[in-house]
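Before any comments, here is the structure.
Within every chain, numbering begins at 1; the chains are lettered A, B, ... in the order of the sequence lines, protein sequences first and strands thereafter.
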Amino acid sequence: MQWLAINHALAADPGAKITIKGWVRTRRDSKAGLSFIALTDGSCFDTLQIVAPGELSNYESEVQKLTAGCAIEADGELVESQGKGQTVELRATDIRVVGWVDNPDTYPIAQKRHTFEYLREVAHLRPRTNSFGAVARVRHCLAAAIHRYFHENGFYWIHTPIITASDCEGAGEMFRVSTLDTVNTQRTPEGAMDFEQDFFGREAHLTVSGQLNVETYCCALSKVYTFGPTFRAENSNTSRHLAEFWMIEPEIAFANLSDNADLAEDFIKSLIKTLLDEREDDMAFFDLRIQKGVVDNLKHVLESPFERITYTEAVELLEKADKKFEYPVKWGIDLQSEHERYLTEEKIKRPVVVTDYPKGIKAFYMRMNDDGETVAALDVLAPGIGEIIGGSQREERLDVLDSRIAEMKLPKENYWWYRDLRRYGTVPHAGFGLGFERLIQFVTGMANIRDVIPFPRTPRSAEF
RNA sequence: UCCCCGAUAGCUCAAUUGGUAGAGCGAGCGGCUGUUAACCGCUAGGUUGUAGGUUCGAGUCCUACUCGGGGAGCCA
């Protein structure tokens, strides 16, 4: 018999004789002499109901002993269901138990409600739950949609390095990569770690961003992007931060900040559209059980343009706000979480693009505006999670870049190859970074970022 | 890293002013039923996060630590 994944079995015509394989969600016995088994194989949100008649040779010895989590194979015929809740079901002619559950009493994913906090402690089994199965499928759908979007729009995927020795990013605390003996550490005469003896002959770290590297390919292939893991050794303990997370960073040449904002908006909307088209089942679940109205919110995002305001306008809005903030607003400060939340959740109620921030709170590579006070930076703020995108037009003028490097007391020599881009055919270009997990949080309504990545890495936590 | 809260059965939570630790869900067994968050009955299940301290007596009070949650900072 043909083995069908459950998503295909559910769409197949009644009468088909097929095999399905998966894990038991529930078993309900009927003294009419049959049992109902809800089976999932993760191919879609729904389970397939197996009707196991009492005539099966192993009915009493095995079928009636099945518990949540058991792995089975079932042969049978797809028939129209006599009961409510499903259109088709499998009338089994043979059920084979592939793997039993040792002790149903202590099986961590018992058929009952569990908290997300608890499920994090059993991260190896939580993908068997409705919530984590749905997150995994949505995550895949978005990852595929990201590559498809860029491919169809003429972008090339650039594999920027995971290990970097260039020490240029300055985007946060970094994890060291080293092969030095941790017990008998080689020391310099001054007593410092002797990185000349290390694998790369210099200090190396896990990347905090592929941006500087991808800019080099942007200044050759015009439209490029990175999509890969990034690492921050910040001691951040929040529902929006991970030590290891995935980031999407497009970079476009012959482009300014406005082009950048256009790309960000079109990109996000395209992903949402694909998600709503392809994962209707999982999104219906998030809408029902995780965040009421999340699907309508996403449709609303599709229908309306992102609000675009400058930092200065944002500050004015906040100063006029009929609301007391813990941190008072003043031109020059970075926007606090409460400010971002007010703008995107209360005032404007959809994603907001804030542009042209004071130079003092932004990175050296962002392009200086004509006012000499602000830089061509942009943040996209999303309701519920705050900053989802950070980006900028890059400073393409060598003299301005150099003065910014000097102003911020950065080691100019480390940036030699980055500066070369400005010496040889420099061109206006721009890009942004989108946190993949924050995107998933936004579209699913999942409250904690630890629950939208299979194995979250956070301070003092890397069990799995 | 800072502020606040928490840790008791497999899970979610109760336990009066300090006085022998309870329920729901889950699980096992039985009943009932083309069932589907099923329902009804019975049963099992706990050195109360760790280490100290106060007390005749600590789940309860005190100290430290560990882990978890909410908020803040850093950011994506």
Side-chain angles (χ1 to χ4, degrees), chain A residues 25-39 46-54 64-65 67-69 79-86 89 91 101-122 125 130 169-173 208-211 229-249 264 288-289 326-327 334-338 340-341 361-363 379-382 385-391 432-442 447-450 453 458-461 463:
Chain A
R25 268 280 169 67
T26 60
R27 187 199 87 238
R28 295 178 295 274
D29 298 327
S30 165
K31 274 299 181 300
L34 63 163
S35 294
F36 301 95
I37 299 164
L39 199 74
D46 288 320
T47 54
L48 179 61
Q49 174 160 282
I50 301 172
V51 182
Q64 288 198 299
K65 292 188 167 65
T67 58
V79 296
E80 287 182 33
S81 180
Q82 296 170 33
K84 290 173 184 157
Q86 60 280 320
E89 61 194 17
R91 178 159 286 273
V101 165
D102 270 356
N103 181 357
D105 192 31
T106 56
Y107 177 55
I109 314 294
Q111 187 50 34
K112 72 175 288 286
R113 290 278 174 78
H114 290 109
T115 60
F116 288 133
E117 292 80 11
Y118 165 71
L119 289 170
R120 268 171 232 151
E121 296 171 9
V122 287
L125 296 171
N130 276 334
E169 288 91 347
E173 290 296 310
V208 294
S209 162
Q211 179 202 313
T230 46
F231 307 87
R232 306 265 168 102
E234 305 284 353
N235 191 5
S236 316
N237 288 289
T238 81
S239 56
R240 308 180 304 282
H241 290 85
L242 291 166
E244 176 182 298
F245 63 100
W246 288 61
M247 189 152 61
I248 301 106
E249 296 174 285
L288 183 68
R289 290 289 157 83
E326 193 183 336
Y327 289 86
D334 209 352
L335 299 182
Q336 306 290 309
S337 289
E338 56 176 341
E340 297 182 345
R341 202 167 290 153
I361 57 174
K362 289 291 180 184
D379 282 358
V380 178
L381 311 178
I385 46 174
E387 185 178 342
I388 192 170
I389 281 179
F432 60 81
L434 167 66
F436 188 43
E437 285 75 18
R438 287 189 182 174
L439 173 69
I440 300 171
Q441 279 189 279
F442 175 59
N448 197 308
I449 200 166
R450 296 174 178 94
I453 188 169
T458 54
R460 312 195 61 80
S461 175
E463 174 69 20

### Query
Should stems be defined as at least three consecutive Watson-Crick or G-U pairs with both distances under 3.5 angstrom, which of them involve RNA chain B?
B:1-7 with B:66-72, B:10-13 with B:22-25, B:27-31 with B:39-43, B:49-53 with B:61-65
### Message
Tell me the closest heavy-atom pair linking A/F231 and A/V208, and the distance in Å.
### Response
O-CG1, 3.0 Å
## Note on the structure
Looking only at heavy atoms, the pair that brings A/E338 and A/Y327 closest together is OE2-N, 2.7 Å
Within the structure shown, what part of the strands sits under 4.0 Å from [X] by heavy-atom distance: base, sugar-phosphate, or nothing?
X	value
A/Y327	sugar-phosphate
A/T115	sugar-phosphate
A/S337	sugar-phosphate
A/E338	nothing
A/Q336	sugar-phosphate
A/E249	nothing
A/R27	nothing
A/E117	sugar-phosphate
A/T67	sugar-phosphate
A/L242	base
A/R460	sugar-phosphate

Could you work out the separation of [N] and [M] based on their [atom1] atoms and round it to a whole Å?
N	M	atom1	answer
B/C29	B/G22	C1'	23 Å
B/A72	B/A44	C1'	47 Å
B/U48	B/G10	C1'	16 Å
B/U66	B/C56	C1'	32 Å
B/U54	B/U60	C1'	13 Å
B/U50	B/A23	P	23 Å
B/U20	B/A27	C1'	27 Å
B/C25	B/C39	C1'	15 Å

#### Entry: Chi angles and distances behind the side-chain contact (heavy atoms from CB on, under 4.5 Å) call for A/R120, A/E463
CA-CA 10 Å; A/R120 268 171 232 151; A/E463 174 69 20; over 6 Å; no
### Task
Only pairs at least two apart or in different chains count here, so list each salt bridge (charged side-chain N to carboxylate O under 4.0 Å, His left out) that has a residue in residues 103-118 of chain A.
none
### Task
Any chance you could lay out the side-chain contact (heavy atoms from CB on, under 4.5 Å) test for A/N448 and A/F116, step after step, and finish with the verdict?
CA-CA 9 Å; A/N448 197 308; A/F116 288 133; over 6 Å; no
### Task
May I ask you to evaluate whether A/Q111 reaches the phosphate of B/C25, defined as a side-chain N or O under 4.0 Å from OP1 or OP2?
no
To the nearest Å, how far apart are [X] [atom1] and [N] [atom2]?
X	N	atom1	atom2	result
A/E121	B/G69	CD	P	9 Å
A/E387	B/A72	CD	C1'	16 Å
A/H114	B/G68	NE2	P	19 Å
A/L119	B/G69	CG	C1'	15 Å

#### Entry: Residue closer to the 5' end of RNA chain B, A/G435 versus A/R450 (nearest nucleotide)
A/R450
#### Entry: Position toward the 5' end of RNA chain B (nearest nucleotide), A/I449 or A/T26
A/T26
#### Entry: Contact list for residues 237-247 of chain A, test side chain to side chain donor-acceptor pair (under 3.5 Å), sequence neighbours left out
A/N235-A/N237, A/T238-A/H241, A/H241-A/R438
Quiz item: [X] side-chain donor-acceptor pair to [N] base, under 3.5 Å:
X	N	value
A/N237	B/U1	yes
A/H241	B/C75	yes
A/Q86	B/G34	no
A/D105	B/G45	no

Looking at the side chain of [X], which of [options] is the nearest nucleotide?
X	options	result
A/K112	B/G24, B/G34, B/G73	B/G24
A/R438	B/C75, B/G34, B/G24	B/C75
A/N448	B/C74, B/G34, B/G69	B/G69
A/R240	B/C74, B/A76, B/A27	B/C74
A/E234	B/G68, B/C74, B/A72	B/C74
A/P104	B/A76, B/G28, B/G70	B/G28
A/E340	B/G10, B/G34, B/C75	B/C75
A/S236	B/C25, B/A76, B/C74	B/C74
A/A110	B/C11, B/G26, B/A72	B/G26
A/Y118	B/G10, B/U35, B/A72	B/G10

### CA sep, side-chain torsions, deciding dist, call: A/L434, A/I388, side-chain contact (heavy atoms from CB on, under 4.5 Å)
CA-CA 6 Å; A/L434 167 66; A/I388 192 170; 3.6 Å; yes
### Query
What's the spacing between A/I109 CD1 and A/R25 CZ if we round to 0.5 Å?
10.0 Å
### Task
Check the pair A/Q64, A/S35 against side-chain hydrogen bond (donor to acceptor under 3.5 Å, both in side chains), reporting the backbone distance first and the verdict last.
CA-CA 8 Å; A/Q64 288 198 299; A/S35 294; 4.5 Å; no
### Task
Please indicate whether A/N103 has more than 12 foreign heavy atoms, meaning atoms of other residues, nucleotides or ligands, lying under 6.0 Å from its CG.
yes
### Message
Quick check, does A/Y107 stack with B/G10? I mean ring centres under 5.5 Å and planes off by under 30°.
### Response
no
### Message
Whether A/D379 and A/K362 form a salt bridge (side-chain N of Lys/Arg under 4.0 Å from carboxylate O of Asp/Glu) is what I want to check.
### Response
yes
